[in-house]
Amino acid sequence: MAPQSAKPPRTSFRARTSMNIFDDFHARIAAILDRIAADGRLPSLDHARFVVEPPKDATLGDLASNAAMVFAKEAKPHFASPRELAVEIGYALAQSPDVAATEVAGPGFINIRLKPEMFTQVLRAVLRDPPNFGRVVKSRSSALQGKVNVEYVSANPTGPMHVGHGRGAVFGDALANLLAFSGCAVTREYYINDAGAQVDVLARSVYLRYREALGEAITIPEGLYPGDYLKPVGAALAKAHSKALAGAAESEWLPVVRAAAIDAMMELIRGDLAALNITHETFFSERALHAEKDGVSAIDAAIDWLRAKGLVYEGRLPPPKGQLPDDWEDREQTLFRSTLFGDDVDRALKKSDGSPTYFAADIAYHKDKIDRGFDTLVDVWGADHGGYVKRMTAAVAALSDKRVTLDVKLCQLVKLMRAGEPVKMSKRAGDFVTLREVVDEVGVDAVRFMMLYRKNDAPLDFDLAKVIEQSKDNPVFYVQYAHARGKSALRQALAAFPDMDLSAQSLAEADLALLADDGELALAKMIAQYPRVIEAAAAAHEPHRVAFYLHELSSVFHSHWNRGKDQPHLRFVKAEERELTIARVALVSSLTIVLGSGLRLLGVSAPDEMR
RNA sequence: GACCCCGUAGCUCAGCCGGAUAGAGCAACUGCCUUCUAAGCAGUAGGUCGCAGGUUCGAAUCCUGCCGGGGUCGCCA
């Protein structure tokens, strides 16, 4: 995934206007409220409480605000009703030359109708600085500032990635793109679970493959990894060590084989991720947290840190409810007071043999992130780890004195389908469907878009047949086609006017007042929503909103395009009308810029033609 | 038993920090191709937002309790 343009924003232009008309009018209304407050007719108000958004129904206007209703109580002494306050705000807004009209509706909505110039201004902003349109300039949300760490994938290094991992991977990657585009300094991170019993199991499995490579006949017992993907790892070991490890005791060969196996598996996983255009900046090893420096590991240090805060104690826990584990024993153990931070019970930090629990290591890991200066942590996990969220959130609160927030995003399961029928995913003999197989079959664009065309916490049916269909039923195609169609219009324009300068910079100077048709304005209005969608999606950590927006934007475009069939005067390219064509080309160009920008955030390509 | 997620049109799902007559796609029905890509578009029909309370000017949205589906519970990772 290519990072977003590193070139510094053009502050001179962007400081003048954010080109987020919703933010713009939010600020205008805030100023009006302040003015009324200065007259003593309103108290000082929290401007974050009201919103400016598109009205429910586009016939009501271009913008709507609930400001008067939200502040109904505070307004009571001087305004008989919310409507009265709304009227005053509306009147003040209407004084601006770019406002066509305001009206008060319902219980006190302020509906604002803008002059068309307002939207052509937006198009100009798109064309003047294509890579930066939609970037969050100055966010009202504190979540969109500072350093953010997004930890995602973090699959155990024991085999190739499966489709479920892929969802978390795509989600995390798109979210990281989105946050970077929104002004955060983002680090993409992968936590390698290379310390537990699972990697020992991996090592034993590889050891068998090693002996197999030396000519021994092997059988893989229950509980080890049977997959063929370990064969090359065994073969490589045989080549490197010949028979040196074969006669050794397990304590001898295990560290050697384990290290080689983990390296090989991480190589495999990096390859799987690369196939999805995903790269992480940081790979963080769990094993490193266990390593002792001067007799103290990072885990010990983290526990000591919490102990010094009075958050660690020796105590007993009630037995778990429901199915009681066979080996449950009631004993005194080292516990973290996670209940002080919203967890249901305190959590164990050490096993009975004195070694740290997985949670203890995770505490040390998150302490490391906090120490690295991140303001916000995002962890992307599978839904089966939902029960772990409270304790980790509690730990981060404790470790940072509540300065740093942890947002855990859980990704639900992916159900693979083919033309409506579930794909059998037998785990027997390790022949499950790998992520790589799916990417190879349907392509990275389809995988990425479909994984993002659903809320992360909703289960996802992924139909291998549907996502490569070239039809409007396939949202990936639908959006990419809109982009290609736009590019096609630009090619048509060039065919009609070979000397026309189609560069964005040049189109920004077009006479955009010629865009007078409702369909054209509808498209411009939809484009104008992009910055708002970006900010909301980034603040909520919900990249799917971008995917839905792109689908809707495409729909508006396809719709307008088709109007040109019955009404030829609406076509983008009019061979006999150069200025009009330029204006319309500027509109289409803005569309392709925004589609391209959004698709880039999702990591999906924006083709010039469909083939 | 406790906690988490989900419950919105026949199906798959959106619905932003509470806002106006609850939206889209599919499926169904009716139309639009000598015309810039019909790989598309327009229209019709379809919903007690799981149920019952509560909060307030206003609840699909927030709170409580139920019902239904899924997940989790550990010294696993």
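Only a predicted model underlies this, so the values are computations on that prediction, with no experimental measurement involved. Chain letters run A, B, ... following the sequence lines, proteins first, then strands; residues in each count from 1.
Sorted by residue number, the members of residues 357-365 of chain A with any non-hydrogen atom under 4.0 Å from RNA chain B read A:T357, A:Y358.
The residue A:A458 sits close only to the backbone: its heavy atoms come under 4.0 Å of sugar-phosphate atoms, none of a base. Residue A:R391 is classed as a sugar-phosphate contact, given heavy-atom separations below 4.0 Å to backbone atoms only. Residue A:N66 is in base contact, counting any heavy-atom pair closer than 4.0 Å across all strands shown. Across all strands shown, A:V389 has no heavy atoms under 4.0 Å from either base or sugar-phosphate atoms. Nucleic acid contact for A:P459: sugar-phosphate only, since backbone atoms but no base atoms lie under 4.0 Å from a heavy atom of the residue. A:G386 comes within 4.0 angstrom of no nucleic acid atom, judged by non-hydrogen atoms across all strands. Note on A:A383: only backbone sugar-phosphate atoms sit closer than 4.0 angstrom, heavy atoms only; bases stay farther off. Nucleic acid contact for A:H544: sugar-phosphate only, since backbone atoms but no base atoms lie under 4.0 Å from a heavy atom of the residue. Among the protein residues, A:A348 comes within range of the sugar-phosphate backbone only, with heavy atoms under 4.0 Å from sugar or phosphate atoms but none that close to a base. Within 4.0 Å of A:E53, counting heavy atoms only, lies at least one base atom of the nucleic acid. Counting any heavy atom pair closer than 4.0 Å across all strands shown, A:A493 reaches no nucleic acid atom.
With salt bridges taken as basic N to acidic carboxylate O contacts below 4.0 Å, one links A:R584 and A:E520. Between A:R258 and A:D200 a salt bridge is recorded (basic side-chain N to carboxylate O distance below 4.0 Å). Ion pairing between a basic and an acidic side chain is recognised when a charged N comes within 4.0 Å of a carboxylate O; A:E535 and A:R532 show no such pairing.
Taking only side-chain nitrogens and oxygens, A:H551 never comes nearer than 4.0 Å to OP1 or OP2 of B:rC26. A close approach under 4.0 Å does not occur between any side-chain nitrogen or oxygen of A:S488 and OP1 or OP2 of B:rC36. Taking 4.0 angstrom as the limit, A:R49 places none of its side-chain polar atoms (N or O) nearer than this to OP1 or OP2 of B:rG19. At B:rU35, none of the side-chain N or O atoms of A:Q567 fall inside 4.0 Å of OP1 or OP2 (strictly under the cut-off). Contact check, A:R347 against B:rC75: no side-chain N or O comes under 4.0 Å of OP1 or OP2. Distances shorter than 4.0 Å separate some side-chain N or O of A:W561 from OP1 or OP2 on B:rA38. A sub-4.0 Å separation between OP1 or OP2 of B:rC5 and a side-chain N or O of A:K455 is absent. At B:rA38, one or more side-chain N or O atoms of A:K565 fall inside 4.0 Å of OP1 or OP2 (strictly under the cut-off).
Atom NZ in A:K56 sits roughly 10 Å away from atom C1' in B:rU21 (whole-Å rounding). Between A:K415 atom NZ and B:rG69 atom C1' the separation is 12 Å, expressed in whole Å. With rounding to whole Å, A:E84 atom CD is found 18 Å from B:rC57 atom P. Rounded to whole angstrom, the span from the CG atom of A:D457 across to the P atom of B:rC3 amounts to 19 Å.
Syn is the glycosidic conformation of B:rC33, whose angle stays within 90° of 0.
Each salt bridge (Lys or Arg N to Asp or Glu O under 4.0 Å) pair with one or both residues in residues 378-388 of chain A, not counting sequence neighbours, appears once here: A:K369-A:D379. The side-chain hydrogen bond (donor to acceptor under 3.5 Å, both in side chains) contacts involving residues 564-583 of chain A comprise A:D499-A:R578, where partners must be two or more places apart or lie in separate chains. Residue pairs meeting the salt bridge (Lys or Arg N to Asp or Glu O under 4.0 Å) criterion with at least one member in residues 81-90 of chain A, sequence neighbours excluded: A:R41-A:E88.
You'll find that the side chain of A:F548 is closest to B:rC13, out of B:rC75, B:rC13, B:rG19. Residue A:K390 has its side chain nearest to B:rC3 when only B:rC75, B:rC3, B:rC57 are considered. Taking only side-chain atoms of A:A536, from C-beta outward, the nucleotide of B:rC75, B:rG19, B:rC16 with the closest atom is B:rC16. The side chain of A:L60 sits closest to B:rA20 out of B:rA20, B:rA77, B:rC16. Out of B:rA27, B:rC3, B:rA77, the shortest distance to the side chain of A:D473 is found at B:rA27.
Atom name P, nucleotides B:rC26 and B:rG43: the rounded distance is 13 Å, in whole Å. Comparing B:rU8 with B:rG15, their P atoms sit 14 Å apart, to the nearest whole Å. Nucleotides B:rC73 and B:rC57, compared at atom C1', are 45 Å apart to the nearest Å. Look at the P atom in both B:rG53 and B:rA59: the space between them is 14 Å, to the nearest Å.
Side-chain contact between A:L85 and A:H78 is absent, with no heavy-atom pair separated by less than 4.5 Å. For the pair A:Y388/A:W381, a side-chain contact is recorded, criterion being any heavy-atom separation below 4.5 Å from C-beta on.
The main-chain N or O of A:K487 is never found under 3.5 Å from a side-chain atom of A:D608 such that the two would form a donor-acceptor pair. With A:D194 contributing its side chain and A:S285 its backbone, the two residues share no donor-acceptor pair below 3.5 Å.
A donor N or O paired with an acceptor N or O is found under 3.5 Å between the base of B:rC16 and the side-chain atoms of A:R532. You won't find any donor-acceptor pair under 3.5 Å spanning the side chain of A:R454 and the base of B:rU12, going by distance alone. With hydrogens and angles ignored, a donor-acceptor pair under 3.5 angstrom links the side chain of A:N111 to the base of B:rA20. Not a single donor-acceptor pair, N or O on each side, falls under 3.5 Å between the base of B:rU72 and the side chain of A:Y388.
With rounding to the nearest 0.5 angstrom, the CD1 atom of A:I534 is 3.5 Å from the OH atom of A:Y530. Taking CG from A:N111 and CG from A:L60, the interatomic distance works out to 5.0 Å, rounded to the nearest 0.5 Å. The distance from atom CD1 of A:I363 to atom CG of A:L289, rounded to the nearest 0.5 Å, is 11.5 Å.
Shown here for A:V312 and A:L306, the closest heavy-atom pair between the two residues is CG2-CB, 3.6 Å.
For the pair A:P55 and A:V345, both in contact range of RNA chain B, the more 5′-proximal nearest nucleotide belongs to A:P55. Checking A:L413 against A:V573, the closest nucleotide of RNA chain B that is more toward the 5' end is the one next to A:V573.
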Would you tabulate the nitrogen or oxygen pairs shorter than 3.5 Å linking the protein to nucleotides 41-47 of chain B?
{"from": "B:rC41", "atom 1": "OP1", "to": "A:Y478", "atom 2": "OH", "distance (Å)": "2.5"}
{"from": "B:rC41", "atom 1": "O4'", "to": "A:N562", "atom 2": "ND2", "distance (Å)": "3.2"}
{"from": "B:rA42", "atom 1": "OP1", "to": "A:S559", "atom 2": "OG", "distance (Å)": "3.0"}

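If you check the side chains of A:T59 and A:D57, you find a donor sitting under 3.5 Å from an acceptor.
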Original post:
Dot-bracket for RNA chain B: what is it, with Watson-Crick or G-U pairs under 3.5 Å, [ ] where a pair crosses earlier ones, and | for a pair to another strand?
Top reply: (((((((..((((.....[...)))).(((((.......))))).....(((((..]....))))))))))))....
**OP:** Determine, step by step, whether A:F548 and A:Y453 satisfy the ring pair (Phe, Tyr, Trp, His ring centres under 6.0 Å) criterion, reporting the C-alpha distance in whole Å, the side-chain angles of both residues, the deciding distance to 0.1 Å, and the verdict.
**Re:** CA-CA 7 Å; A:F548 277 94; A:Y453 198 60; 4.4 Å; yes
